[in-house]
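Per chain, numbering begins at 1; letters A, B, ... match sequence-line order. Quick note: numbers below take in every heavy atom, side chains included, and nothing from hydrogens, waters or symmetry partners. Please read all numbers here as calculations on a predicted model, not as lab measurements.
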Amino acid sequence: MAQKVRVRFAPSPTGGLHLGGVRTVLFNYLFAKKHGGDFIVRIEDTDQSRFVAGAEAYIFDCLKWCGLTPDESVLHGGQYAPYRQSERKAIYRQYAEQLIKDGYAYYAFDTPAELETMRELLKTKGSSSLQYDHHVRMNMNNSLRLLPEETQQLLDAATPYVIRIKISPDEFIPFTDMIRGDINFDTNAVDDKVLLKADGMPTYHLAVVVDDFLMKITHAFRGEEWLPSAPVHILLWKYLFGLDNMPEWAHLPLILKPDGNGKLSKRDGDRLGFPVYAMDWTDPVSNEITKGFKEIGFLPEAFINLLAVLGWNDGTEQEIFSEEELIEKFSIEKVHKGGAKFDFEKAKWFNHEWIKKLDVEHYAARVKEIFKSNGIAIADDHYLNKVMHLVKERCTLLPDFYTQGSFFFQAPVTIDTAAIKPKWDDRKNLFFIELVKAWQLSTLWESTDLELSFKEIAAANSLKTGELMLPLRIMLVGGKFGPGVFEIAAAIGKKATIARVEHTLSLIE
RNA sequence: GCCGCGUUGGUCAAGAGGUUAAGACGCCUCCCUUUCACGGAGGAAUCACGGGUUCGAGUCCCGUACGUGGUACCA
């Protein structure tokens, strides 16, 4: 690659940032970083009717959380600013006019009602296509059919118009996709797409080509849903800037619903009980909150990891990748062609793996917040670190630190005495009374000391330790879970241990 | 309807003409642990179908089916 690699993610600020969107960012980012290139974020806000307040800032928040920092964007600046298409409005018109001058585009004055009539007519005629194309354009109200003076008159009278690309029939548009190989499109199937809208804004088709050229984009990655309109973009490149300057294309596979069919959508997440957006998204109109991966307790490392391997695989058995490893190993050619169904169970497994190896110091603050929201204020950071080490391998989501570790900070609220009672008897009761006495006097409070004295007393009473450990556990943690009992006793200390044993003893009486 | 793209266990997937068709998630059994988890061992389960090409096809070609995307003055 002779030129410096430059890629872009070009979202529309219309709502929450979807899994698929983040993956598109990720693949762009990985490719750029691998090749020492730049990653640009361009805001494609050309549809004013779909603009949603706050969506743009939200997108950048998500990127920040994921650790995918743009080199250039509305937020990060750059020499190709502005990076918001609405602010580039004036730029696009000249290219549209240029196309008209060169005979590749034309003015169209058709009203929405007229377009509707055309489609109705096509439908009744049983036409296979309802498109505005070479079959119908000479029957429409446009500068191709009108006399030049008539067109000028309409223009002078400020008649609303759009500019459409003029697609010639019977041509083939070949191009190479980095993932899919050679693809050939028949122009007979492509319509005269609107390039410039009546409000003066460009459509995606014009804007993407113009901006990719102006911003010197070398590789353009986007979702597979764009494949059918690729010939329009290629034609635009040919007419405007030359095919030699066109970026290389890669159309990414879709992320599909886990069940049923179709693209994964926010609604599927709501329905099936898992997030689809990277972070919580609050709809500014309805105030409805849609849960995000961040908030339910995913680690960004895990989120990135699971997205990377959804539609990509390095050919080895490795599944856990750090961002550095992904940058090193990623290759666009190994991205799959087919869509992948999203599996939340596997997503959780990735998070579990990352939590097992998480840096306790780094996540202490977040975990502290989780405890706090559950009514436990943690003052001792050192103790928290210890607890996190003890329980992290049994946490799948960050809030599990609370469910798995709350008893380290406060006595269990509910105690599963039902699990003890059936096998309870006086001998066991006596054992625990004796144990409390012994521990009361003990000056040593390491888990090994506790285990030793526990076993000695059990042996002295001819009781099996196994039958006593479960009751002890339940006294200390409230249920049948958690790390080793003696480690727990050692951690919570003499006072709490004895208090909890005595409390449960009184409950069983 | 038309056009495009796709199709290896339930899911993610390795596989680039010759393999006993990897691995992971999930599920099941067992071991470890008298908790839960981790870890370990094992198990059930797959090349959509039909034709070719070839000595030989999951791999190449052609159909069919199915899926998916597009078919907007949305991106």
Side-chain angles (χ1 to χ4, degrees), chain A residues 10-14 44-47 49-50 85 108 110-112 115 119 123 126-133 160-164 177 179-180 183-186 188-191 193-205 207-208 222-231 251 253-254 256 258-263 306 309-320 334 336-350 352-353 356 391-396 400 404 416 419 464-470 472-474 476-477 479-485 488:
Chain A
S12 292
T14 54
E44 308 220 329
D45 56 347
T46 54
D47 184 2
S49 67
R50 291 215 306 161
Q85 289 183 330
D110 315 278
T111 64
L115 292 173
R119 292 190 185 108
K123 214 180 284 178
S127 170
S128 63
S129 156
L130 266 37
Q131 300 186 133
Y132 195 123
D133 61 15
Y161 67 87
V162 299
I163 294 178
R164 284 180 182 273
D177 184 284
I179 297 170
R180 289 150 210 283
I183 298 175
N184 213 346
F185 276 97
D186 182 346
N188 289 312
V190 348
D191 63 335
K193 287 246 178 298
V194 170
L195 264 20
L196 202 74
K197 299 185 257 191
D199 65 1
M201 278 288 193
T203 57
Y204 171 83
H205 309 293
V208 74
R222 61 191 355 176
E224 190 190 342
E225 67 268 28
W226 289 109
L227 208 42
S229 53
H251 290 87
L254 268 8
L256 309 171
D259 61 345
N261 310 313
K263 268 202 294 190
L306 74 93
V309 298
L310 238 200
W312 172 83
N313 179 289
D314 79 337
T316 72
E317 287 183 12
Q318 184 173 354
E319 290 202 275
I320 302 297
K334 298 216 76 152
H336 305 146
K337 299 183 176 92
K341 287 184 182 167
F342 181 67
D343 181 0
F344 188 55
E345 289 307 316
K346 181 114 190 198
K348 283 195 292 191
W349 175 77
F350 277 106
H352 188 28
E353 291 298 309
K356 279 193 290 183
V391 304
K392 68 179 183 178
E393 72 189 19
R394 45 206 99 208
C395 296
T396 298
D400 293 341
Q404 288 292 330
D416 185 10
K464 284 187 205 148
T465 45
E467 289 176 18
L468 300 164
M469 279 168 71
L470 186 66
L472 210 220
R473 163 176 303 282
I474 287 169
L476 264 27
V477 326
K480 290 190 269 188
F481 63 98
V485 236
I488 294 169

Interatomic distance at P, B/G67 relative to B/G9, whole Å:
16 Å
Considering only B/C38, B/C5, B/A75, which nucleotide approaches the side chain of A/Glu225 most closely?
B/A75
5' priority, RNA chain B, between A/Leu310 and A/Gly484 [closest heavy atom]
A/Leu310
Touch check for A/Glu44, heavy atoms < 4.0 angstrom, all strands: base, sugar-phosphate only, or nothing?
sugar-phosphate
Taking the minimum atom-to-atom distance to the side chain of A/Asp47, which one of B/A24, B/C73, B/A75 wins?
B/A75
Approximate separation, where rounding is to 0.5 Å, of A/Asp45 CG and A/Met201 CE:
6.0 Å
Which whole-number value in Å describes the distance from A/Leu254 CG to B/U11 P?
17 Å
From A/Asn313 atom CG to A/His336 atom NE2, the distance as rounded to the nearest 0.5 Å:
5.5 Å
Side-chain heavy atoms of A/Asp400 within contact of A/Arg394, under 4.5 Å
no
By the 4.0 Å heavy-atom rule, please label A/Lys464 as base, sugar-phosphate, or nothing.
base
Expressed as a whole number of angstroms, how long is the span from A/Phe481:CZ to B/C36:C1'?
8 Å
Any A/Lys197 side-chain N or O less than 4.0 Å from OP1/OP2 of B/C74:
yes
Minimum-distance nucleotide (side-chain atoms of A/Ala340 versus B/C2, B/U34, B/A13)
B/A13
Please state how far atom CD in A/Glu345 lies from atom P in B/C12, giving the value in whole angstrom units.
14 Å
Say we look at B/C62 and B/G6: how far apart would their P atoms be, to the nearest angstrom?
12 Å
What interatomic distance, in whole Å, is found between C1' of B/A14 and the corresponding atom of B/C25?
15 Å
Identify the two heavy atoms, one from A/Lys480 and one from A/Ala419, that lie closest to each other, and give their separation to 0.1 Å.
CE-CB, 4.4 Å
Under a 4.0 Å N-O cut-off, is there an ion pair linking A/Lys346 with A/Asp343?
no
Name the nucleic acid region contacted by A/Lys334, choosing base, sugar-phosphate or nothing; use a 4.0 angstrom heavy-atom cut-off, strictly under.
sugar-phosphate
For A/Phe350, report the nucleic acid contact type (base, sugar-phosphate, nothing); a contact means any heavy atom under 4.0 Å.
nothing
Check every strand shown and say whether A/Pro11 touches a base, only sugar-phosphate, or nothing at a heavy-atom separation below 4.0 Å.
nothing
Distance in angstrom units between A/Lys480 NZ and B/U35 P, rounded:
10 Å
In the strands shown, is B/A14 matched to any nucleotide by a Watson-Crick or G-U wobble pair with both distances under 3.5 Å, and which?
none
Considering only B/A75, B/G15, B/A13, which nucleotide approaches the side chain of A/Asn313 most closely?
B/A13
Side-chain N or O of A/Arg164 versus OP1/OP2 of B/C73: is the shortest distance under 4.0 Å?
yes
On a whole-Å scale, what distance lies between the P atoms belonging to B/A72 and B/G58?
42 Å
For A/Asp314 and A/Pro160, find the nucleotide of RNA chain B closest to each by heavy atoms; which residue's nucleotide sits nearer the 5' end?
A/Asp314
How far, in whole Å, is B/U20 from B/U29 if one measures between their P atoms?
32 Å
Regarding A/Val485, tell me which of base, sugar-phosphate or nothing describes its non-hydrogen contacts under 4.0 Å with the strands shown.
nothing
What's the CG-P distance between A/Leu256 and B/G67, to the nearest Å?
13 Å
Would you say B/G6 has OP1 or OP2 under 4.0 Å from some side-chain N or O of A/His336?
no
Counting side-chain heavy atoms from C-beta on, which of B/G26, B/G6, B/A13 comes nearest to A/Lys337?
B/G6
Inter-nucleotide C1' distance (B/U7, B/A13), Å rounded:
14 Å
What's A/Gly126 touching, base or sugar-phosphate or nothing? Going by heavy atoms closer than 4.0 Å.
nothing
Within a strict 4.5 Å, meaning less than it, do heavy atoms of the A/Gln85 and A/Pro202 side chains meet?
no
Mind checking whether A/Leu227 and A/Arg180 have side chains closer than 4.5 Å, heavy atoms only?
yes
For atom P, what is the distance between B/C38 and B/G26, given to the nearest Å?
8 Å
Would you please classify the geometry between the A/Tyr204 ring and the A/Trp226 ring as parallel, tilted or perpendicular, with 30° and 60° separating the classes?
parallel
So what's B/U54 paired with, Watson-Crick or G-U wobble, going by both distances under 3.5 Å?
none
Touch class at under 4.0 angstrom, heavy-atom based, for A/His251 against every strand present
nothing
B/A24 base / A/Lys346 side chain donor-acceptor hit below 3.5 Å
yes
Pick base, sugar-phosphate or nothing for A/His205, based on heavy-atom distances below 4.0 Å to the nucleic acid.
nothing
Per atom distances to the A/Glu319 side chain, the nearest of B/G23, B/G39, B/A75 is B/G23
Proximity to the side chain of A/Lys263 - top-ranked nucleotide from B/G70, B/A37, B/C25
B/G70
For the C1' atoms, the ones on B/C55 and on B/U64, what distance do you get once it is rounded to whole angstrom?
29 Å
Watson-Crick/G-U partner (both atom distances under 3.5 Å) of B/G63:
B/C49
Please give, in whole Å, the distance from B/A24 C1' to A/Trp312 CH2?
14 Å
Counterpart base for B/U71, defined by Watson-Crick or G-U wobble contacts under 3.5 Å
B/G1
Closest to the side chain of A/Ala189, out of B/C3, B/C73, B/G69, is B/C3
Side chain of A/Ser12 (C-beta onward), nearest among B/A13, B/G4, B/A75
B/A75
Is the shortest side-chain heavy-atom distance between A/Pro483 and A/Gln404 below 4.5 Å?
no
Tell me the interatomic distance from A/Glu393, atom CD, to B/G40, atom P, rounded to whole angstroms.
12 Å
Mind checking if A/Arg222 touches a base, just sugar-phosphate, or nothing, with heavy atoms under 4.0 Å?
nothing
Nearest of B/C73, B/G23, B/C25 to any side-chain atom of A/Glu317?
B/G23
Once you apply a heavy-atom cut-off of 4.0 Å, does A/Ser49 come out as touching a base, just sugar-phosphate, or nothing?
nothing
Would you say the side chain of A/Phe342 lies within less than 4.5 Å of the side chain of A/Leu306, judging by non-hydrogen atoms?
yes
A/Glu467 CD - B/U34 P separation (whole Å)
14 Å
